[in-house]
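Numbers here simply count residues along the sequence, with the first being 1.
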Amino acid sequence: ASSDPVPDPLEPQTKINSFSIREPLLFSLLANSDSVLLAGCGGGYDFMSALPLYFSLKDLGKKVFLANLSFSSLSEPRALNPDDKILTSGFRVHSGTKVKLDRYFPEFYTCQWFHERGEEVEIFAFDHCPGTQNLADCYEWICKGRGIDAIVLVDGGTDSLTYGDECGMGTPVEDHTSMAAVDMVRGVKLKLLCCIGFGVDSFHGISHGLFLQNVATAEKQGHFYGTFSVSRHTPEARKYMDCYQYVASKMQESIVCSSVINGMKGEFGDHHSTQRTKPSKLFINH
């Protein structure tokens with residue numbers, strides 16, 4: 001028996017954009033956006049998983065901004081300049097931010113990477129446990145101040161796409177906090193979630209079979225807009241890999257980024273390039 005088709009929540013947008021297999025649907029959906037906020041969904045290095053999108057959208061002439069639910073201690077006394085604070089839970093990070101050496105702070109080191117290549121970039125960083133409303137307020141402040149018309153949350157991994165009844169949940173609390181906060185933001189119609197790095201959450205016990213089942217559920221509901229691969233032969237990938245290596249040389253390596261890059265290099269299966277993943281079993285793939 002056939003069921004009635006599920007209404008597409010982005011139907012007005014799809015009428016504007018002509019979808020084709022010649023172009024990933026993510027870029028079709030963002031075609032009419034002028035100012036895009038790319039935000040790390042689960043904290044830590046997640047915002048860096050958005051860098052290939054950042055470089056590509058910038059090349060298209062769009063204004064692109066970066067944000068992240070930070071794992072750095074932003075609110076410690078004298079940790080950051082009070083002038084860079086945003087409301088109660090956020091900070092503006094840039095190449096001139098004063099930080100202690102050897103500190104876990106990927107947002108700052110990424111700004112440094114851009115600075116050394118002649119570009120000044122600001123990254124909005126949010127306290128790790130701000131509460132959903134405070135986080136939503138920060139997002140809304142940025143969107144109003146920067147004229148944002150699209151938000152793309154980027155999860156390094158796939159545990160953001162969980163319902164709560166899976167046998168392995170990974171670390172979804174920060175992801176779901178970000179998703180709830182962005183959903184509360186007013187004045188921005190286009191809000192998307194991207195999962196970068198299928199397979200990397202094997203380290204956290206995620207069942208990727210259940211993830212694929214959740215993708216199928218999203219497809220039935222009209223909420224899934226396809227996949228695409230970031231090849232290491234593209235300039236976006238090369239810049240991402242270079243930036244990650246720079247940041248990782250300054251502080252603790254990222255399990256997600258190193259796994260994604262290993263897949264981009266053609267590694268497969270239980271391949272380890274960092275001591276942080278041992279003795280876990282990995283599922284590296286492209």
Side-chain angles (χ1 to χ4, degrees), residues 1-33 36-43 46-47 49-50 52-53 56-57 69 132 135-136 139 149-185 188-202 204-230 256 259-260 263 283 285-286:
S2 62
S3 58
D4 294 333
V6 178
D8 191 333
L10 291 178
E11 186 176 356
Q13 187 78 17
T14 61
K15 289 179 179 178
I16 298 174
N17 295 300
S18 177
F19 286 174
S20 168
I21 62 173
R22 294 190 301 271
E23 177 181 65
L25 300 194
L26 173 63
F27 290 93
S28 298
L29 291 168
L30 293 171
N32 295 302
S33 297
V36 181
L37 177 63
L38 303 175
C41 190
D46 264 11
F47 76 100
S49 296
L53 296 178
S56 186
L57 292 172
L69 187 64
T132 305
L135 186 57
Y139 271 116
D149 52 24
I151 302 174
V152 181
L153 281 175
V154 178
D155 178 21
T158 58
D159 55 355
S160 58
L161 198 59
T162 53
Y163 289 96
D165 58 354
E166 292 84 358
C167 60
M169 288 287 292
T171 56
V173 174
E174 294 85 359
D175 298 308
H176 291 177
T177 299
S178 294
M179 292 163 68
V182 167
D183 186 61
M184 295 166 64
V185 173
V188 180
K189 292 184 178 179
L190 185 58
K191 304 168 183 177
L192 302 169
L193 170 68
C194 290
C195 295
I196 311 295
F198 175 78
V200 303
D201 277 323
S202 291
H204 291 124
I206 285 286
S207 165
H208 288 89
L210 293 178
F211 165 76
L212 293 174
Q213 183 178 0
N214 293 345
V215 168
T217 299
E219 176 63 80
K220 284 184 178 179
Q221 296 173 345
H223 297 158
F224 182 65
Y225 290 90
T227 65
F228 64 92
S229 176
V230 179
V256 169
S259 296
V260 169
F283 179 41
N285 67 91
H286 192 65

Least distance between heavy atoms, [X] atom then [Y] atom:
X	Y	result
Thr158	Gly197	CG2-O, 4.3 Å
Ser178	Leu69	OG-CD2, 3.9 Å
Leu53	Cys194	CD1-SG, 4.4 Å
Met184	Ala136	CB-CB, 3.9 Å
Val182	Lys191	O-NZ, 3.0 Å
Cys41	Met179	SG-CG, 4.0 Å

Expected output: side-chain Asp149 to main-chain Ser33 donor-acceptor under 3.5 Å: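 Answer holds: no.
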Show me the donor-acceptor pairs within less than 3.5 Å that the side chains of residues 150-157 make with the rest of the protein, sequence neighbours left out.
from	atom 1	to	atom 2	distance (Å)
Asp155	OD2	Asp159	N	3.4
Asp155	OD2	Ser160	N	3.1
Asp155	OD2	Ser160	OG	2.9

Verdict with supporting geometry, Val256 and Ile196, side-chain contact (heavy atoms from CB on, under 4.5 Å): CA-CA 9 Å; Val256 169; Ile196 311 295; over 6 Å; no
Would you please classify the geometry between the Phe27 ring and the Phe228 ring as parallel, tilted or perpendicular, with 30° and 60° separating the classes?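 Rings of Phe228 and Phe27: tilted, as their planes differ by 30° to 60°.
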Using the test ring-ring contact (aromatic ring centres under 6.0 Å, His included), find all partners of Phe47 that sit at least two apart in sequence or belong to another chain.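 Expected list: none.
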Which residues pass the side-chain hydrogen bond (donor to acceptor under 3.5 Å, both in side chains) test with Ser229, not counting sequence neighbours?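 side-chain hydrogen bond (donor to acceptor under 3.5 Å, both in side chains) list for Ser229, sorted by chain: His286.
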To the nearest 0.5 Å, tell me how far Tyr225 OH sits from Leu193 CG.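 Here the interatomic distance stands at 13.0 Å.
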Please test Leu57 against Leu38 for side-chain contact (heavy atoms from CB on, under 4.5 Å), starting from the C-alpha separation and ending with a verdict. CA-CA 10 Å; Leu57 292 172; Leu38 303 175; 4.3 Å; yes
